[in-house]
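The block underneath contains the structure these notes are about, expressed in structure tokens.
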Number of protein chains: 2
Amino acid sequence: MSGKERLPVRGAQGDLLRLVAGGQAESRAELARLSGLAASSVSLRVEELIGSGLLVEEGSGSSRGGRRPRRLRVSPSAGLLAVADLGGRHARLGLLDLSGSPLVVEERPCDIALGPEATLDWIAASFEELLATHAPPGVPLRGIATGVPGPVDPATGRVVSPSRMPGWNNFPVAEHLGAHYDLPVLVENDANLLAVGEARAWPDAETLMVLKAGSGIGCGVIVNGSLHRGRGAAGDISHVRVRTDSSVTCSCGHLDCLEAYASGAALMSVLAEQGIAVGRPSDVVALVDDGIPEATALVRNAGRLIGEVLTVLVNFLNPDAIVVGGSLSRAEPLISAIRAAVYERCLPLATRDLEIAVSRSGPDAALLGAGTLLLDAVLR
Amino acid sequence: MSGKERLPVRGAQGDLLRLVAGGQAESRAELARLSGLAASSVSLRVEELIGSGLLVEEGSGSSRGGRRPRRLRVSPSAGLLAVADLGGRHARLGLLDLSGSPLVVEERPCDIALGPEATLDWIAASFEELLATHAPPGVPLRGIATGVPGPVDPATGRVVSPSRMPGWNNFPVAEHLGAHYDLPVLVENDANLLAVGEARAWPDAETLMVLKAGSGIGCGVIVNGSLHRGRGAAGDISHVRVRTDSSVTCSCGHLDCLEAYASGAALMSVLAEQGIAVGRPSDVVALVDDGIPEATALVRNAGRLIGEVLTVLVNFLNPDAIVVGGSLSRAEPLISAIRAAVYERCLPLATRDLEIAVSRSGPDAALLGAGTLLLDAVLR
DNA sequence: CCAACTTCTTTCGAAATCGAAGATAAAGCG
DNA sequence: CGCTTTATCTTCGATTTCGAAAGAAGTTGG
């Protein structure tokens with residue numbers, strides 16, 4: 001339907017376009033500084049990009065003491081990205097323009113337990129719906145990305161041994177999702193997408209740990225400004241053994257995994273045992289906000305356990321910041337307990353300038369991250 | 001004395017020279033592949049480098065099915081690097097050529113407790129001695145590097161809060177060591193140097209954890225093929241809390257740090273309590289080799305504790321390999337206990353292709369690492 | 001308001017880089 | 001042994017990039 005044509009970018013144009021699209025540069029001068037190209041070369045390439053309709057000049061930026069820069073933006077008609085973030089019981093879906101800004105974002109209920117085919121076909125149908133409703137006429141779709149709540153092999157786009165995605169093991173998600181399109185398709189772990197999305201909001205941080213505290217616990221790692229995947233499974237902290245008095249066997253077969261104590265699912269099941277029924281992790285936050293002592297104590301304990309695990313990782317990785325996202329991140333006691341544990345036990349050298357903060361990018365962070373990663377695939 | 005002249009490399013020449021010096025490329029064709037430059041450009045630049053005496057053509061390499069490549073090497077007369085690795089009671093010192101190959105390496109006793117001035121002046125004098133004895137006439141010194149057993153602020157070359165270097169806190173090591181020369185001077189943590197040195201022997205590993213098990217415990221982290229420093233303190237694992245029955249207060253003021261149980265110093269002090277006097281960590285290895293049960297049990301326990309800490313980090317970082325170096329690494333029970341703990345408790349996804357091995361680069365690894373890092377500074 | 005200074009952007013000749021085609025050299029194979 | 005295949009290295013015209021200089025547009029401060 002909407003276009004399958006390759007973007008007409010050659011050589012250095014792609015680099016420049018990516019810098020503008022990624023929000024890192026807004027003027028020819030910034031492009032010259034960041035790309036390492038000579039100002040004259042930048043001007044030439046930018047002229048070409050404007051000529052081919054991918055960039056537009058839009059007013060002028062604010063002066064830094066001299067002539068005002070002429071502000072550059074990716075043209076709204078340069079293309080669209082369809083992005084999704086799949087959770088256990090609902091998904092967020094959206095369309096972004098090529099600068100990564102959302103045109104529309106929706107949250108819809110869905111159930112990944114229905115299996116990969118049904119779920120992915122539903123995503124594709126939802127994308128078509130969004131495109132039909134919200135895409136300006138003539139603007140082509142340039143790429144598709146989705147986040148999934150499990151480990152992804154980056155090479156193949158397959159889900160690998162996902163603990164919370166029954167029936168998905170080794171399913172070729174990227175292949176299936178992109179079957180009807182001739183477009184770049186990207187599949188990535190949800191915490192990794194969140195991390196990439198947050199990283200855009202932390203431009204000064206080279207090393208970043210982004211925790212996703214939802215019904216599971218995940219962590220995305222940014223090293224040197226870009227996502228660290230390791231062999232595909234990096235960022236897992238849910239199956240670290242924690243020190244507790246009691247003793248619980250985790251679904252992975254080991255004793256006392258962090259996930260068994262501090263994940264949203266674990267908190268919900270403890271609350272259920274105490275006769276407090278809750279349906280989703282954000283309900284736990286609501287209970288905390290309402291001052292229910294059982295919930296607060298549970299969340300604080302979860303924070304302490306998470307913090308103790310982070311302790312090891314902070315000493316080791318020495319990040320610039322820890323960002324906490326996911327639905328549980330809105331619970332104040334969680335953050336403060338994490339802070340307390342990390343600051344108490346870590347080396348002063350590691351916590352000297354360490355910031356521990358709640359997500360800056362809001363609920364769409366993962367979708368923005370999907371856009372950022374997808375841009376790299378599209379503009380190259 | 002010997003030269004202070006800058007290397008006459010401009011633009012792309014530096015990149016090419018670095019690739020040859022770093023052992024990554026041996027022929028024009030490899031240079032073209034790795035540098036991304038066109039083969040023709042590579043030929044031109046290589047011709048220039050040969051003309052200025054920095055590169056030499058030396059026989060031919062082995063064919064990969066076609067014409068043999070003409071092997072390139074950095075000229076032995078292109079320059080020398082003076083490198084040192086400072087330990088608590090002794091130092092290794094050496095001279096390397098610009099391809100990072102050692103001309104001479106010596107181990108000499110020294111005592112860092114004498115303070116920074118005395119120690120650094122001694123290093124400088126030792127360098128002069130080595131140069132006078134071993135440097136071919138007319139070959140200029142191009143750079144100086146030393147490893148130190150403590151955290152280093154990479155920006156300033158100062159040692160920061162080192163626990164095992166009394167009197168060194170905040171001392172401007174790089175500045176002092178380089179005072180008499182107008183040359184690049186590099187100061188780096190010893191475990192980090194070891195990691196860089198090992199990384200050369202693991203060309204296929206993008207993510208690498210290199211453990212230095214000596215009288216202290218350190219770890220260097222290679223991410224994406226290059227050293228990860230974080231804010232300067234990355235790689236610290238010695239002050240992670242371990243799970244034990246007993247309870248010991250570490251020098252850092254916290255309870256049950258790994259270092260207090262598993263470092264060479266800790267093992268030695270336990271052995272001393274048992275009436276077995278040993279002077280240095282390698283003596284512990286000797287005891288193990290002699291089958292002394294107390295020593296073997298201790299070392300195996302240390303390996304288990306280290307392995308349990310690595311467990312967390314392996315899940316998180318998902319490295320390609322863990323390399324164990326340092327004087328204790330020659331104790332078999334240490335390695336096997338580490339392996340057992342990691343393979344037992346880590347996620348299958350993380351251990352699937354994980355290799356846990358002893359240092360490949362031998363006792364000079366840290367010096368080679370110093371050379372590698374120094375080359376980057378010199379050839380730019 | 002004007003002069004001095006910054007910063008952004010373009011112009012234009014010089015230099016570096018590319019890429020295609022050919023020359024060189026060796027391995028594999030009937 | 002001579003052919004084909006593979007790989008390395010060089011030549012040369014076309015293209016891209018650079019860098020210095022100048023023009024454009026603003027800020028700052030007397």
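Owing to the predicted nature of the structure, the values given are computational and were not obtained by experimental measurement. Reminder, nothing fancy here: chain letters follow the sequence lines and each chain counts from 1.
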Could you pick out which residue, Arg71(A) or Ser60(B), lies toward the 5' side of DNA chain C when each is mapped onto its nearest nucleotide? Arg71(A)

Under 4.0 Å between any heavy atoms, over every strand shown, what does Ala32(B) touch: base, sugar-phosphate, or nothing? Just pick one. nothing

Glu48(B) CD to dA16(C) C1', straight-line distance once rounded to whole Å: 10 Å

Using a 4.0 Å heavy-atom cut-off, does Ala29(B) contact any base of the nucleic acid, only the sugar-phosphate backbone, or nothing at all? sugar-phosphate

State which of dT10(C), dC9(D), dT11(D) makes the closest approach to the side chain of Ser40(B). dT11(D)

For the pair made of CZ in Arg28(B) and P in dA25(C), what is the distance, rounded to whole Å? 13 Å

When you measure from the side chain of Ser41(A) to the backbone N and O of Leu37(A), does any donor-acceptor pair fall under 3.5 Å? no

Rounded distance (Å) that lies between atom P of dC9(D) and atom CZ of Arg45(B): 17 Å

Distance, rounded to the nearest Å, where Asp15(B) contributes CG and dA16(C) contributes P: 15 Å

Using a cut-off of 4.0 Å on non-hydrogen atoms, how would the nucleic acid contact of Ser63(B) be classed: base, sugar-phosphate, or nothing? sugar-phosphate

Using a cut-off of less than 4.0 Å, is there contact between a side-chain N or O of Ser41(A) and OP1 or OP2 of dC18(D)? yes

Leu49(A) CG - dT16(D) P separation (whole Å): 13 Å

Counting only heavy atoms not in Glu175(B), do more than 12 sit closer than 6.0 Å to its CD atom? no

Whole-Å distance, Arg70(A) CZ to dC8(C) P, equals 13 Å

Rounded off to whole Å, could you give me the CG-to-P distance for the Leu16(B) and dC9(D) pair? 13 Å

By nearest nucleotide on DNA chain D, pick out whichever of Gly65(A) and Arg33(B) is the more 5' one. Arg33(B)

When you measure from the side chain of Leu37(B), which nucleotide among dT27(D), dC9(D), dT17(C) comes out closest? dT17(C)

Decide yes or no, distance alone: a donor-acceptor N/O pair under 3.5 angstrom between the base of dT7(C) and the side-chain of Arg67(A). no

Salt bridge between Glu188(A) and Arg229(A), side-chain N to carboxylate O under 4.0 Å? yes

For residues Asn224(B) and Ser226(B), is any side-chain donor paired with an opposing acceptor at under 3.5 Å? no

Arg68(A) CZ - dT9(C) P separation (whole Å): 12 Å

Looking across every strand, which nucleic acid part, if any, lies under 4.0 Å from Gly36(B) by heavy atom: base, sugar-phosphate, or nothing? sugar-phosphate

Of Leu374(A), Val152(A), Leu81(A), which is the lone residue that meets side chain to side chain contact (heavy atoms under 4.5 Å, CB included) with Leu186(A)? Leu374(A)

Contact class for Glu47(A) (heavy atom, under 4.0 Å): base, sugar-phosphate, or nothing? sugar-phosphate

